[in-house]
Amino acid sequence: MLQIAHIQAHKEEVIEALQKRHFSKATELVENAISIDNERKTTQSSLNELQAGANEVAKSIGVLMRQGKKEEANQAKEKAAQNKQTIKNLEDKLKELESDLTNCLYEIPNTPYKDVVAGKGADDNQILEEWGAIPTLADDAMPHWELIKKYDIIDFELGVKITGAGFPVYKGKGARLQRALINYFLDEAIAAGYNEVQPPILINEASGYGTGQLPDKEGQMYEATADNLFLIPTAEVPITNLYRDEIVKESDFPIKMTGHTPCFRREAGSWGADVRGLNRLHQFDKVELVAIEHPEKSYQRLENMLSHVKGLLEALELPYRVLRLCGGDMGFTAAMTYDLEVYSAAQGRWLEVSSVSNFETYQSNRLQLRYQSQDTSDKKKHLAHTLNGSALALPRIVATILENNQTKDGIKIPKVLQDYCRFEQID
RNA sequence: AGAGAAAUGGCAGAGUGGUCGAAUGCACUGGUCUUGAAAACCAGCGUACCGUGAGGUACCGGGGGUUCGAAUCCCUCUUUCUCUGCCA
């Protein structure tokens, strides 16, 4: 969430930035947050004053008791008891205001970075670059949902039997290709200086709040209700939360982590004609990059992460394009997001395979993830910036490899994967 | 899963109703001394919020309660440790 002090100091700027998202409640919510905060301040002031008085009386009673002045002590007691209820009421009011403020702030999305253009949705995204030639396929080329049947490598019907729609079973070379991709992506991340972690794939509520999945987006997550845990929608959640409530040293930056996890998404209501096959699943695998960075270097870090992902796609020889999302298409918590899409030749469409974002302090403010400046005269703890990016999500990469590399003899495996797969084609 | 014990500042560790935001040691920062370092000595050293400021308030695992007053008493939750059980 945004910092209330920042909103107070830069109200117009915040409202203006939020307009880029076409966020209609911007002015209303910002005004509301400010007025709650102002009331909070005055409430705390008067509460503190009363508490100071009460503390003084309580102390004096202690002194009087020790001096044996019982009567005076009892008089003071009565006096103190009078203010008790007032203090209690003010305390309750303060708590309520604080929680109102937090709830209000939860509803305000992150303010887009200066480079982000205004826009309502996907059509307004900026296409920054395109790489690679679009392959021309034979006339009888098949979309991946037919190829997986032809070669018997991914089975949706079996998944339906075991679990339900959107939970495919990978078999034989399909399973091995998955494993190869995971290992390849992890090795590349490690080579780029990311520290591999294997986090839990169930998270508690606090973690959900930390990275912004909660409140409001619980409908997107599978929930283990008996234990009040959630299946992760992305490794971003457990990995970023490793640093919840931590104070790091400035010299620790950048903190770079990577991890492979399955991801679980309910995707309620988002099924339609163009989500056949591997295009949208309830469970899929992803290798994620997470970075925690100094505020002054976070955009540099974002570029660095973007070029890492581009390098992967180039090594896999998949034509891609880079989009900078417009305000309206960005996730709630992001300040700037690059999407990478690969061209799926048999479907004739671009498929999003990675999303790389800078959250600035939006997540770290909830996480209370701060750093201590190296400058010893600066005693204050400062919020760090958090970033993450997929590198990469598997299913659409698999779909595109299958479609783009199909030949009459079989599906050619990209060179970089051959050692990982230990086979060169699927036939 | 059952029984017991525990949770205090960066760490260790005192404190069982009142000058306790919290002894002491270590660590850390600054200084004295030294050619330099070590040692010794002196001083400082938690976080957040409110206040222009002086200053105030809250925080001793989380939440609630008793009391004029709670680190200290009560309830509850969480976590850790020990023993027993179970298990890859």
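Proteins come first, then strands; the chains are lettered A, B, ... in the order of their sequence lines, and each starts at number 1.
- Using N1 to N3 plus N6-O4 or O6-N4 for Watson-Crick, or N1-O2 and O6-N3 for G-U wobble, each under 3.5 Å, B/C59 pairs with B/G46.
- Rounded to whole Å, the C1' atom of B/A6 lies 43 Å from the corresponding atom of B/A54.
- Nucleotides B/G21 and B/U57 have their C1' atoms positioned 12 Å apart, rounded to a whole Å.
- One side chain, A/K286 or A/T234, offers a donor N or O that lies under 3.5 Å from an acceptor on the other.
- When the side-chain nitrogen and oxygen atoms of A/K59 are compared with OP1 and OP2 of B/C68, none of them lie within a distance under 4.0 Å.
- Residue whose closest nucleotide on RNA chain B sits further toward the 5' end, between A/K77 and A/K88: A/K88.
- Under the Watson-Crick or G-U wobble criterion, with both distances below 3.5 Å, B/G69 has no partner in any strand shown.
- When both distances must be under 3.5 Å, the Watson-Crick or G-U wobble mate of B/G10 is B/C26.
- When heavy atoms are screened at a 4.0 angstrom cut-off, A/K381 is found touching the sugar-phosphate backbone but no base atom.
- One C1' atom belongs to B/U19, the other to B/C28, and the distance between them is 29 Å to the nearest Å.
- A close approach under 4.0 Å does not occur between any side-chain nitrogen or oxygen of A/R370 and OP1 or OP2 of B/U47.
- Geometrically, A/K217 engages A/F332 in a cation-pi contact defined by less than 6.0 Å to the ring centre and at most 45° from the axis.
- Remark: the separation of the C1' atoms in B/U29 and B/C77 is 40 Å, to the nearest Å.
- Atom C1' of B/A7 sits at a distance of 16 Å from the matching atom of B/U76, rounded to the whole Å.
- For the pair A/D92 CG and B/G64 P, the interatomic distance rounds to 9 Å; values are reported in whole Å.
- Using modelled atom types, no side-chain atom of A/E317 and backbone atom of A/E314 make a donor-acceptor pair closer than 3.5 Å.
- For the residue pair A/A76 and A/V57, the shortest heavy atom distance occurs at O-CG1, 3.7 Å.
- A donor and an acceptor atom, one from each side chain of A/N279 and A/Q347, are located under 3.5 Å apart.
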- Nucleic acid footprint by protein, nucleotides 49-59 of chain B - heavy-atom cut-off 4.0 Å, B for base, S for sugar-phosphate alone: BSS----BSS-

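- Taking the six-membered ring where the residue is Trp, A/H294 and A/Y371 present tilted rings, their angle falling between 30° and 60°.
- Partner assigned to B/A1 is B/U84, using Watson-Crick or G-U wobble distances below 3.5 angstrom.
- On the P atoms, B/C45 is 15 Å away from B/G25, given to the nearest whole Å.
- Spacing of C1' atoms, B/U66 relative to B/C11, comes out at 35 Å, to the nearest Å.
- In this structure, A/K95 and A/I61 both approach RNA chain B, and ranking their closest nucleotides by distance from the 5' end singles out A/K95.
- At the heavy-atom level, A/A58 lies under 4.0 Å from base atoms of the strands shown.
- B/U32 and B/G13: their P atoms are spaced 36 Å apart (whole Å).
- Taking the six-membered ring where the residue is Trp, A/Y209 and A/Y106 present tilted rings, their angle falling between 30° and 60°.
- The side-chain tip of A/K297 does not point at the ring of A/F253 from less than 6.0 angstrom away and within 45° of straight on.
- Across all strands shown, B/U34 remains unpaired; no Watson-Crick or G-U wobble contact has both distances below 3.5 Å.
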